[in-house]
Every structure is written in structure tokens, then in C-alpha cells.
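To find a chain, count down the sequence lines: A is the first, B the second, and so on, and within it residues start at 1.
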Amino acid sequence: MEKGLVSIDRWNEGSQAYFLTHLHDDHTAGLSAAWRRGPLFCSPVTASLLPFRFRGFDVSLIRVIEVGATRALDLVSPASGAPVRVLVTAIDAHHCPGALMYLFHGTFGWVLYTGDFRWELSSERSQLAKRMLLDVLQGNTIDVLYMDNTYCNPSFSFPPREVATKQVIDIIVMHPDHDIVIAIGNLGKEELLVNISKALNIKIRVWPERLRTMHLLGYKDVFTTNTSLTRVRAIPRYSFTFETIDGLNQMRPTIGIMPSGLPWLLDTSKNTTLYTSLKSHQSEASPDLLQDMPHVRKLKHNAYCVPYSEHSCFSEIAQFIKVLQPSNISGIVSSTYIYINPRYYFSRVDRYLSDKSCESSKSGKSEVDKMGSSSGCKPSWQVRKEWKIKYVSLTSSGHVRRVSGLPRARRGAKIEASDSVSSS
DNA sequence: GCGATCAGCT
DNA sequence: CACAGCTGATCGC
């Protein structure tokens, strides 16, 4: 797609139409109440939250697009001045509330930008979204897939949210005399809390700002700020530390639950914060009550990490790729130090669909060399902050544009835009 | 003094 | 280290 036509989750450069996938902070950098570069497309839910997040935002800029709807954009080629028609269809991403994927179609071909997404294999909602996507494609091939590659590594394996929800409920039930604190962010994990509320017939306590978000999302009787109504409380993730949980335990017996696809562990050096070990994030054998809860980690005597993720795990990503068979793939998340070029796995994605995991990639050294890693299917755990290019705009060549503005020479090899996109 | 951006941290 | 996001420093206006 030609540059200067549309931007997705990018707000600092000139385009004729802007698309917001969802309202997490790392997708809204550059958006503010003062922003008014052009029309902003988003889901109805995102539209209802946007003026709350950015108070004073010019709502006349908002263009609501419903899941399954297709919009025609009549744009103008910045290069030639010729009219350009772009069709865009919104697809349910089932990430946080209001999260969308955008499928673009025009003379440039078909481009799918997933944003962050979780499509569980068994989920009805995902099946519906998949059918919608395939219906619109009508057998056409996606030319470029910009994809949420957060957990794009075979070592990331966790169950559907339904299972993780049951695990959280079980932990709560097994501690009938404890207060429970669950770490959440400003948006996301609502379904988890609602299902806890339903299963245990209790309200969930949240902080005041979060209650307003819940009301905007349409939850009426589930949440409260009243301290005396419930023993289950959601707290901001940044305040979920062992220090906090220990402090709460000075008052009342309290269990902390961290719902996350990341493998959190105790930071033994500080003893106050959580720590994630990326070298050993297979679930360790856990005593007693965790016997039937694969992937649940006991962080400390009074805290658990439950694998509730709003990003697809690797097998789900692999399935996604297998269904779509795109010509080119580009990861949209590269700020994670576990980033690996999606092409490495997706070019041989079939072998991962049978859950053979790491074994199969030990076969050829040449594959290892191609990948630029020294350890087979293991991720290359390099820390390269300058690889932050999560937000892209689509250009004529389909290349990923960098945000950071670092010299080309400093780019990480694995995220080289042309490397990801132009070959297949 | 303000917003935008970034470093540092969780 | 960071799914996402807070705090505080710094820069430009």
C-alpha cells in the first residue's frame, strides 16, 4: 500500500485515515486529547472509551466500524494525486474489549493487520471471526500479514482462557478465608473477572477509575468500589508486588493472583518484585493444590501466576498462519527481547501443529543458521531495546517503517523490515 | 508552566 | 527481562 494513505496504531505522521486496534497504551503513543490529524476508525467499544481515556478528544473525528462491517475509503494518492479506493473490514480480535483486526483490500492486494489478538482454537468467537475473515477474502491470498507475534515461539504454551479462568476460580475456592487480589491493567481481563463473579456469585472490587471503565463497557452489577462487599479485588498490575501482598497479609490473610501469559517468578534478588525467567518457564512440579493445574505457578506462599493470556499462544499462532497461508508475514511486536522472525517458524509451521515442540527443529543446522540463532528452536534472548518498532504504517513496498528512527545499520537483523516482508 | 518524550522500573 | 503502564526527568515551547 502506498505511503501516506492509512496508519494503524500510529499517530505521529501524516495519513488520510487512522486506525486504532485497541486502547492499550503501547498502541496509542502519540494520541492525545489534542490529536486531530484526521478521521480515526475504531470499534464501537473503543469509541465509547476513547473520550474517557483522552478527555476532551474531538469525537467528531471518530468513525465507528462494527465487527464484520466493510468500509470504503476514497483517498488520494500523495504521489500522483489520483483517487485511491481502499476497502477495510473489521474483524474481532478477541484481545481486550473493543480490539479489532483490520483487513485492507485495494489495488495493492490484501493486507491484514491483526493488532493484538487471541484466537483460541476451540473458541466460538474465534471461529466466527475466522469465518468472517475467510468470507471477505473469498479465496484470495493475503499479501502481507502484520501479526501479533508476542508469543511467537514454540516454548510459549498455555491453555485457553476458559481453562485459566477455572484455575483462578479453583484457587479462590481453595482459600475460603482469604482475601484475593488479582492484578489487571487499565483495560483487559474483564471476562476473567466477570466469570469469577458469576461462578462464585460475588461482586469484584476495583479501583474507582476502573469502575468507570467497567460502566462504560456496559457492566452494571458485577463491580464495586465498596470495600465491605467482597473478598475478591482487582488491583493495578504495577502495584502487584510481594511487598504489597505481604503488606495486605499484615491486615488479613491474602492471596495474590497474577493472570499472565508470561512466566512470572520470584525475584530473589530484591524480594519485593516479580520476576520472569525466560529460560525455564515450563511449569515446575508444584505441591498439593496445583497438581491439576498445568502452567499455574506458585510464586511464593501467597501468590500464584495463572496463564490467562489475551495474546495467542504459539500453537494458536501457528494454526492462524496455516489457515491464512499469507504470502508474507511481519511481526508487529518487536520490543520484546524474545522476538524471533516469524518467518523462521511459519515457513515450517506444519511441524509445530502436531505439538512436536522443540524436537523437530534440531534436525538441520542450516535452519539454525538461517534463523541467526545459536540454539535450535530456542529463542535468541538478546536484549535490543532499539528494536522497538511495534507500530507500523503500510507503505507501497509493504515494508515496515521504523518508529525509533535509529540508523539502518543498527537494526537488529531479525527485525529487518525487508527481510520480513519482501521475501517468502 | 505545560505537553511530549524518554529512561527507569515494576 | 515486561503482556502493559506507572513515575519522574528532561526537552522544547
Heavy atoms under 4.0 Å, any strand shown: does A:S32 hit a base, just sugar-phosphate, or nothing?
-> sugar-phosphate

Within 6.0 angstrom of A:K203 NZ, more than 12 heavy atoms from elsewhere | yes

Nearest-Å distance for atom pair CG/C1', residues A:D246 and B:dT10 | 16 Å

Taking CD1 from A:I184 and C1' from C:dA4, how many angstroms apart are they, rounded to a whole number?
-> 12 Å

A:R210 and A:E190 ion-paired at < 4.0 Å = yes

Would you list the protein and nucleotides 5-7 of chain C atom pairs, both N or O, that sit under 3.5 Å from each other?
residue	atom	partner	partner atom	Å
C:dG5	OP1	A:N186	N	3.2
C:dG5	OP2	A:D25	N	2.7
C:dC6	OP1	A:N186	ND2	2.6

More than 12 heavy atoms of other residues, nucleotides or ligands under 6.0 Å from CZ of A:R125: is that the case?
-> yes

Backbone N/O of A:H178 and side chain of A:R231: donor-acceptor pair under 3.5 Å | yes

Spell out, as yes or no, whether a donor-acceptor pair under 3.5 Å connects the side chain of A:Q250 to the backbone of A:G247.
-> no

Between CZ of A:R37 and C1' of B:dA4 the distance, given in whole Å, is 13 Å

Shortest side-chain distance from A:H95, nucleotide among B:dT5, B:dT10, C:dA4 | C:dA4

Could you check how far CG of A:D9 sits from C1' of C:dA4, rounded to whole Å?
-> 14 Å

Measure from CD1 on A:I245 to C1' on B:dT10 and round the result to the nearest Å.
-> 13 Å

Whole angstrom is fine here: how far is it from CG in A:L192 over to C1' in C:dA4?
-> 16 Å

Within a reach of under 6.0 Å around CD of A:Q127, are more than 12 heavy atoms found that belong to other residues, nucleotides or ligands?
-> yes

